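Single-structure report; data block below.
Atoms considered below: every heavy atom in the structure, side chains included; atoms not considered: hydrogens, waters and symmetry mates. From a predicted model like this one, the values you see are computed outputs, not experimental measurements.
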Amino acid sequence: MSDFQTSTHRERWIFQPQDLVDKWTGVNRRSAETLAQYGTTRLKVDSVDGSISNPEPAPDHVVGSSSVKPLSCEEEQMMRRFYEQKIQEVCKAFKFPHKIQATAIIYFKRFYLQWSVMEHHPKHIMLTCVYSSCKVEENHVSAEELGKGINQDHQIILNNEMIVLKSLDFDLIVFAPYRSIEGFIDDMDDFCRAGNGAHQRLKDLYQTANSHVDRMMLTDAPLLYTPGQLALAALYKSNDALKVLDFERYLESVFSRQRLDCPVEQFVQIMNTINYLVDRLQILTQEDMKHADRKLRHCLDEHKKKEKKPKHKSKRTAGDARQ
């Protein structure tokens with residue numbers, strides 16, 4: 001089994017908040033420049049090797065001017081979150097385990113550190129992330145089965161597979177908070193000496209914490225904190241409601257056994273910061289996305305001018321023809 005401490009997840013995919021802002025701002029600016037130059041942001045992807053080529057200029061486009069406005073960084077953030085919600089919905093529909101859902105969402109988050117939603121439509125990328133997650137986690141579902149289950153063309157999933165893998169630098173081993181929660185619950189069982197009814201309460205704590213992590217995965221927290229920190233933050237928040245154990249005393253026990261230098265008070269502050277991100281989370285609806293979705297479609301498809309269909313003329317009767 002892989003160890004988080006020596007993993008690429010820890011080494012390469014945990015960031016500072018400003019790092020994320022810089023990356024998202026950079027890809028947004030690049031797309032805006034592409035839109036100004038070509039009149040569209042849709043990049044061409046080679047389905048075999050994942051190579052990228054610039055879009056074809058939109059018809060009659062004048063370089064430096066475009067009637068289409070790029071998405072703002074805030075609108076891109078909304079798009080990413082909305083399709084992360086869709087990943088959870090797809091995984092729930094297929095009854096995939098939490099691990100596949102978490103891996104797919106983290107793949108999706110990492111992909112859009114390299115690219116703008118204006119360059120690759122998140123509806124397509126999220127399906128490829130789910131498909132890739134299933135393969136890595138050895139829960140084999142064919143692209144055809146996945147596409148059929150959600151009424152999408154499975155070829156889109158396959159066409160984007162290589163660009164997704166390359167954008168992840170082929171770092172495919174992901175550590176999710178769900179397994180960490182299991183380990184902490186087992187440890188709490190010993191800590192509570194579970195004979196006095198604590199076992200059932202710990203089971204409730206486990207289920208509540210998992211639900212909290214589901215929401216946590218829709219925030220920036222998985223890119224900012226380790227799975228262990230996320231798991232403890234979820235347990236801390238859930239225990240605050242269920243009152244299963246003295247959580248700070250439990251943390252002191254953990255820190256003492258593992259000889260950690262971080263003061264408990266400082267770690268409580270970290271957990272509060274994580275849970276603040278979850279408390280601020282807004283679940284987005286299709287209605288919320290209407291304006292940003294319209295802008296995205298125009299950015300990607302401006303060169304596809306819809307031809308006006310000729311109006312059908314009414315049939316002339318024999319009497320009309322004789323007049």
Side-chain angles (χ1 to χ4, degrees), residues 1-7 9-10 13-14 87-88 91-92 95-106 133 136-139 173-279 281:
M1 177 181 288
S2 301
D3 177 25
F4 177 76
Q5 295 302 322
T6 59
S7 68
H9 186 152
R10 180 177 183 271
W13 298 102
I14 302 293
I87 289 175
Q88 291 187 336
C91 290
K92 184 176 181 181
K95 296 182 170 58
F96 291 148
H98 277 113
K99 175 63 174 170
I100 287 178
Q101 171 189 292
T103 298
I105 289 176
I106 291 176
S133 176
V136 170
E137 299 302 332
E138 299 184 350
N139 192 315
I173 303 301
V174 166
F175 294 80
Y178 299 101
R179 177 164 292 182
S180 297
I181 288 177
E182 291 179 10
F184 284 123
I185 288 291
D186 288 343
D187 190 51
M188 289 175 181
D189 204 19
D190 293 336
F191 178 79
C192 294
R193 295 181 178 86
N196 55 355
H199 186 73
Q200 180 58 46
R201 295 201 301 275
L202 285 172
K203 186 176 180 181
D204 294 339
L205 181 63
Y206 169 76
Q207 293 173 342
T208 305
N210 274 338
S211 297
H212 192 68
V213 169
D214 287 344
R215 288 177 56 83
M216 195 178 283
M217 295 302 297
L218 301 176
T219 72
D220 298 337
L223 295 173
L224 298 170
Y225 300 96
T226 69
Q229 290 172 327
L230 299 176
L232 282 171
L235 288 163
Y236 179 63
K237 180 76 171 182
S238 302
N239 184 73
D240 192 46
L242 299 177
K243 310 296 184 189
V244 175
L245 73 164
D246 184 333
F247 205 89
E248 292 196 22
R249 193 164 70 86
Y250 171 70
L251 282 180
E252 290 171 356
S253 169
V254 172
F255 280 41
S256 174
R257 282 177 281 148
Q258 297 189 6
R259 299 179 181 177
L260 300 177
D261 295 331
C262 175
V264 170
E265 295 78 11
Q266 183 179 338
F267 191 77
V268 169
Q269 186 175 0
I270 291 172
M271 293 189 298
N272 285 333
T273 301
I274 294 171
N275 287 323
Y276 176 68
L277 294 176
V278 181
D279 291 341
L281 177 69

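When atom types are taken as modelled, the side chain of K243 and the backbone of D240 share a donor-acceptor pair closer than 3.5 angstrom. The backbone N or O of R215 sits nowhere less than 3.5 Å from a side-chain atom of T219 that would complete a donor-acceptor pair. Side-chain N or O atoms of N239 include none that pairs as donor or acceptor with a backbone N or O of L235 at under 3.5 Å. When atom types are taken as modelled, the side chain of K99 and the backbone of V174 share a donor-acceptor pair closer than 3.5 angstrom. Looking only at distances, no side-chain donor or acceptor of H98 sits under 3.5 Å from a matching main-chain atom of Y178. Judged by distance alone, the side chain of S253 and the main-chain N or O of R249 form no donor-acceptor pair under 3.5 Å. Panel note: side chain Q88, backbone D214; a donor-acceptor pair is recorded below 3.5 Å.
Across every non-hydrogen atom of I105 and M217, the tightest pair is CG2-O, 3.5 Å. Of all heavy-atom pairs between R257 and Y250, the closest is NH2-CE1, 4.1 Å. Pairing each heavy atom of A209 with each of A234, the nearest pair is O-CB, 3.7 Å. Between A233 and M216, the shortest heavy-atom contact is CB-CE, 4.3 Å. Closest approach of S133 to I100, counting heavy atoms only: OG-O, 2.8 Å. Residues I274 and Q229 come closest through the heavy atom pair CD1-O, 3.8 Å.
Within the model, atoms OH of Y206 and CG of L242 stand 15.0 Å from one another, a figure rounded to the nearest 0.5 Å. Atom CD1 in I270 sits 11.5 Å away from atom CG in L224 (nearest 0.5 Å). Taken to the nearest 0.5 Å, the OG1 atom of T226 stands 9.0 Å off from the CZ atom of R10. Atom CG of D187 is separated from atom SG of C192 by 9.5 Å, given to the nearest 0.5 angstrom. To the nearest 0.5 Å, atom CG of residue L218 and atom CG of residue L277 are 12.0 Å apart. Remark: T103 OG1 to F175 CZ distance equals 10.5 Å, nearest 0.5 Å.
More than 12 heavy atoms of other residues, nucleotides or ligands lie within 6.0 Å of CD in Q5, so this atom counts as buried by the packing criterion.
In this structure, F267 and F255 have perpendicular ring planes: the angle between them is above 60°, well past the 30° mark.
Between V268 and Y236, some side-chain heavy-atom pair lies under the 4.5 Å cut-off. The closest side-chain heavy-atom distance from P97 to N139 is below 4.5 Å. Inter-residue side-chain proximity for I173 and H9 is flagged as unmet; no heavy-atom pair is nearer than 4.5 Å. Inter-residue side-chain proximity for F4 and R179 is flagged as unmet; no heavy-atom pair is nearer than 4.5 Å. Under the 4.5 Å side-chain criterion, counting only non-hydrogen atoms from C-beta, F247 is in contact with L232. Taking 4.5 Å as the limit, every side-chain heavy atom of L245 sits out of range of all side-chain heavy atoms of R201. Under the 4.5 Å side-chain criterion, counting only non-hydrogen atoms from C-beta, M188 is in contact with L205.
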Legend entry - side chain to side chain contact (heavy atoms under 4.5 Å, CB included) evaluation trace for W13 with I106: CA-CA 10 Å; W13 298 102; I106 291 176; over 6 Å; no
Inset, instruction - Assess whether side chain to side chain contact (heavy atoms under 4.5 Å, CB included) is satisfied between L230 and V213, documenting all intermediate values. - result: CA-CA 8 Å; L230 299 176; V213 169; 5.8 Å; no
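Taking D186 as the reference, nothing meets the side chain to side chain contact (heavy atoms under 4.5 Å, CB included) condition, with sequence neighbours excluded.
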